[in-house]
Amino acid sequence: MQKLIETGEKENLKDMLRTKLVECGWRDDLREHCKGSTSFPRIYFIAKSNLLGNLCFPEVIRSKGLERITVDELVQIITPRGRDTVPDQIKADLLQRIRQFLQST
């Protein structure tokens, strides 16, 4: 990991990933999911042993209260879906770039 940081390759990989996710529409899809679009399945939210049930993102915020929900809780809610919906080709491309970097060092 240190080599990735020292050479600037980590930032290059992050930029590549960000660009590919925007190009394929992943970012827009995730944004729509967070807005509570009905075209996406609802999510389950568990935080601090408090099962809120089968709620969409806006319902989670309303049920906890805007003042009482933290950014960390919001990240916990959306991260699994974000990871699960990254296209396989993008994952493969990223892995290939990392392998190439490791072989060249």
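Numbers here are sequence positions counted from 1.
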query = Is the shortest side-chain N to carboxylate O distance from E23 to K20 below 4.0 Å?
reply = no
key: Over all atoms of both residues, closest heavy-atom pair of V75 and T79   = O-OG1, 2.6 Å
ask   = Are V22 and L30 connected, step by step, through hydrophobic side chains (Ile, Leu, Val, Met, Phe, Trp, Tyr) whose heavy atoms are closer than 4.5 Å?
value = no
remark   = Taken to the nearest 0.5 Å, the spacing of D29 CG from E32 CD works out to 8.0 Å
R97 side chain near E9 side chain, heavy-atom distance below 4.5 Å = yes
ask   = Would you call D28 and R31 a salt bridge, taking side-chain N to carboxylate O under 4.0 Å as the test?
value = yes
key: Rounded distance [0.5 Å steps], CD1 in I5 versus CD in Q2   = 5.0 Å
remark   = Here the gap from Q96 atom CD to I98 atom CD1, rounded to the nearest 0.5 Å, amounts to 11.0 Å
request  = Using modelled atom types only, decide if a donor and an acceptor are shared between the side chain of E73 and the backbone of T70 within a distance under 3.5 Å.
outcome  = yes
message = As a quick check of understanding, evaluate side-chain hydrogen bond (donor to acceptor under 3.5 Å, both in side chains) for D72 and Q76, giving each step before the final call.
response = CA-CA 6 Å; D72 288 339; Q76 285 177 348; over 6 Å; no
note = Rounded to the nearest 0.5 angstrom, the CG-CZ distance for L13 and F101 is 8.0 Å
Gap between atom NZ of K14 and atom CG of N12 - 0.5 Å precision = 11.0 Å
ask   = How many angstroms lie between atom CG of L95 and atom CD of Q100, to the nearest 0.5 angstrom?
value = 10.0 Å
inquiry  = If you count every heavy atom of other residues, nucleotides or ligands that lies below 6.0 Å from K91 atom NZ, does the total exceed 12?
reply    = yes
note = Between W26 and P87 the two heavy atoms that sit nearest each other are CD1-CD, 4.3 Å
